[in-house]
Colleague: 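Structure below; questions to follow.
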Amino acid sequence: MPDKKRVVAVVVAGGMGQRMKSATPTQFLPLNGKPVVQWSLECFDKTPEITGLVLVLPEEWLEEGMNRLESFKPQKPFKVVAGGALRQDSVRAGVEAANADQGWVAVHDAARPGITPALVSNALNQAFTSGNAVCAMPSHDTLVRVIDGEIAGQINRNEVFRIQTPQIFKTAVLRQALENAAAKGLVGTDEAGLVRELGYRIYLAEGSEMSGKITTPEDLDMFEALL
């Protein structure tokens, strides 16, 4: 039997959810009886391939965050660390806490509570085969370019995907990408973009409509009904 791979899930909850217009960060708003972030943590804790969990929180929310997660009783090793000013700073803090150059890391947005162990396992299998994997969904809507409120052209929707998380890489590769971004002053909206800067090809794994991101009160209401 092959050795079990070391795969740490880094759940990034370092933002303050300004678009939610709430004094409480989005990741700690209640969703069907537990904080939004707890849904993702429980999913990774139940995913067989995951061997450890790291939660990245805003520094000023470390203590309060743990208080709000008192009902979360993980079966796997669990660390909580402070994030940084940028998303990639928070990811870097989580990767450092993972403390494993030879393993894998699955980075996930805390505000995406609808993932399932089956989705994560499928993405991990894709990563183990291809070298990395990023969950994504194709666009089924008509897509257009708009200039000053006027349609300027149509975009081939077959070439457009909505990028989601988790995004899975070998830990050493993601660490190198984050260090490269810091050295060059690069700011990315996700990990895949930073890894591509190193010349790696990025491969897609199946996403889910349930893996949408909570950014507005309407999104929260929708997930209340779905989960």
Colleague: Are L86 and L178 joined in one hydrophobic group, where the rule is that I, L, V, M, F, W and Y side chains link up if heavy atoms are under 4.5 Å apart?
Modeller: no
Colleague: Are any non-hydrogen side-chain atoms of W104 and T51 less than 4.5 angstrom apart?
Modeller: no
Colleague: Let's go through I155 and R145 carefully: what are the C-alpha distance in whole Å and the side-chain angles of both, what is the deciding distance for side-chain contact (heavy atoms from CB on, under 4.5 Å) to 0.1 Å, and is it a yes or a no?
Modeller: CA-CA 7 Å; I155 299 171; R145 292 186 297 106; 3.7 Å; yes
Colleague: Is the ring pair W61/F28 parallel, tilted or perpendicular, if the boundaries are 30 and 60 degrees?
Modeller: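 Answer is parallel, since the angle falls under 30°.
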Colleague: Do M222 and L220 sit in the same hydrophobic cluster, where Ile, Leu, Val, Met, Phe, Trp and Tyr count as joined when their side-chain heavy atoms come under 4.5 Å apart?
Modeller: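 Yes, M222 connects to L220 through the hydrophobic network.
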Colleague: Specify the closest pair of heavy atoms between V37 and A110, including all atoms of both residues, with the distance to one decimal.
Modeller: CG2-CB, 3.7 Å
Colleague: Taking the side chain as C-beta and beyond, is there a heavy-atom pair between L69 and L41 under 4.5 Å?
Modeller: yes
Colleague: Could you check whether Q167 and D190, counting side-chain N and O atoms only, form a donor-acceptor pair closer than 3.5 Å?
Modeller: yes
Colleague: If you count every heavy atom of other residues, nucleotides or ligands that lies below 6.0 Å from E224 atom CD, does the total exceed 12?
Modeller: yes
Colleague: Whether E42 and K34 form a salt bridge (side-chain N of Lys/Arg under 4.0 Å from carboxylate O of Asp/Glu) is what I want to check.
Modeller: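 Salt bridge between K34 and E42, a charged N being under 4.0 Å from a carboxylate O: yes.
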Colleague: Are the side chains of P166 and L119 in touch, meaning some heavy atoms are under 4.5 Å apart?
Modeller: yes
Colleague: Do L53 and K79 come within less than 4.5 Å of each other through their side chains, counting heavy atoms only?
Modeller: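 SC-SC contact between L53 and K79 ruled out.
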Colleague: Verify, without hydrogens or angle tests, whether N32 (side chain) and L227 (backbone) share a donor-acceptor contact under 3.5 angstrom.
Modeller: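 Pair found, side chain donor or acceptor close to backbone of L227.
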Colleague: Is there a side-chain contact between F44 and L55 in this structure, where contact means two heavy atoms from C-beta onward sitting under 4.5 Å apart?
Modeller: no
Colleague: Same hydrophobic cluster for I163 and L198, using side-chain heavy-atom links shorter than 4.5 Å among ILVMFWY?
Modeller: yes
Colleague: Could you tell me whether a side-chain N or O of S40 sits under 3.5 Å from a main-chain N or O of R112, the two making a donor and an acceptor?
Modeller: yes
Colleague: Using a cut-off of 6.0 Å, state whether more than 12 heavy atoms not belonging to R196 lie near its atom CZ.
Modeller: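 Open: at most 12 neighbouring heavy atoms sit under 6.0 Å from CZ of R196.
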Colleague: Please examine the side chains of E209 and M137, heavy atoms only from C-beta on, and report whether any two atoms are closer than 4.5 Å.
Modeller: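 Yes, side chains in contact.
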Colleague: Give me the atom names and distance for the closest heavy-atom approach of G212 to F223.
Modeller: O-CZ, 3.5 Å
Colleague: Begin from the C-alpha positions of W39 and I115 and carry the test side-chain contact (heavy atoms from CB on, under 4.5 Å) through to its verdict.
Modeller: CA-CA 8 Å; W39 289 85; I115 59 166; over 6 Å; no
Colleague: Checking side-chain contact (heavy atoms from CB on, under 4.5 Å) between V56 and each of V91, V81, V11, V80, which is the one that passes?
Modeller: V81
Colleague: Looking at CG of L57 and CD of E64, how far apart are the two atoms once the value is rounded to the nearest 0.5 Å?
Modeller: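 Going from CG on L57 over to CD on E64, the span is 11.0 Å.
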Colleague: Just verifying a value: how many Å separate I168 CD1 and N125 CG, rounded to the nearest 0.5 Å?
Modeller: 9.0 Å
Colleague: Kindly compute the distance separating OG (S211) from NE2 (H108), expressed to the nearest 0.5 Å.
Modeller: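 One finds 6.5 Å between OG of S211 and NE2 of H108.
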Colleague: Once rounded to the nearest 0.5 Å, what's the spacing between atom CD of Q88 and atom CG of L194?
Modeller: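 The CG atom of L194 is 5.0 Å from CD of Q88, to the nearest 0.5 Å.
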Colleague: Closer than 3.5 angstrom, by distance alone: can the side chain of S90 be matched with the main-chain N or O of G84 as a donor-acceptor pair?
Modeller: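 Yes; at least one donor-acceptor contact below 3.5 Å.
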Colleague: Dump the intermediate steps for side-chain contact (heavy atoms from CB on, under 4.5 Å) on T24 and R68, then the final yes or no.
Modeller: CA-CA 11 Å; T24 302; R68 295 191 181 216; 3.5 Å; yes
Colleague: Which heavy atom of C43 sits nearest to which heavy atom of V120, and what is that distance?
Modeller: SG-CG2, 4.0 Å
Colleague: Drop me the distance from L174's CG to E179's CD, to the nearest 0.5 angstrom.
Modeller: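 Answer for the CG-CD pair, L174 versus E179, is 10.0 Å.
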Colleague: Using the side chain to side chain donor-acceptor pair (under 3.5 Å) definition, which of the options Q164, Q27, R87 pairs with D109?
Modeller: R87
Colleague: Looking only at heavy atoms, which two atoms of Q38 and S71 are closest? And how far apart?
Modeller: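 Minimum heavy-atom separation between Q38 and S71: NE2-OG, 3.1 Å.
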Colleague: Do V173 and I202 share a hydrophobic cluster (ILVMFWY, side-chain heavy atoms under 4.5 Å, transitive)?
Modeller: yes
Colleague: First locate atom CD of E159, then atom CG of L143, and finally report the distance between them rounded to the nearest 0.5 Å.
Modeller: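 Taking CD in E159 and CG in L143, the distance rounds to 11.0 Å.
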Colleague: Identify the two heavy atoms, one from D45 and one from P74, that lie closest to each other, and give their separation to 0.1 Å.
Modeller: OD2-CA, 3.3 Å
Colleague: What pair of heavy atoms forms the shortest contact from N180 to E197, and how long is it?
Modeller: ND2-CB, 4.2 Å
Colleague: Looking only at atom types and distance, does a side-chain atom of T47 sit under 3.5 Å from a main-chain N or O of S121, one as donor and one as acceptor?
Modeller: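 Checking the backbone N and O of S121 against the side chain of T47, no donor-acceptor pair under 3.5 Å is found.
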Colleague: Quick one: are L226 and M210 in side-chain contact, heavy atoms under 4.5 Å?
Modeller: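 Yes, their side chains come closer than 4.5 Å.
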Colleague: Between N132 and K170, does a side-chain contact (heavy atoms from CB on, under 4.5 Å) hold up when you go through it step by step?
Modeller: CA-CA 7 Å; N132 58 64; K170 291 182 178 179; over 6 Å; no
Colleague: Should F78 and I50 be counted in the same cluster of Ile, Leu, Val, Met, Phe, Trp and Tyr side chains packed under 4.5 Å apart?
Modeller: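 Yes; I50 is reachable from F78 via cluster members.
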Colleague: Any heavy-atom pair between the side chains of V54 and V95 that's under 4.5 Å?
Modeller: no
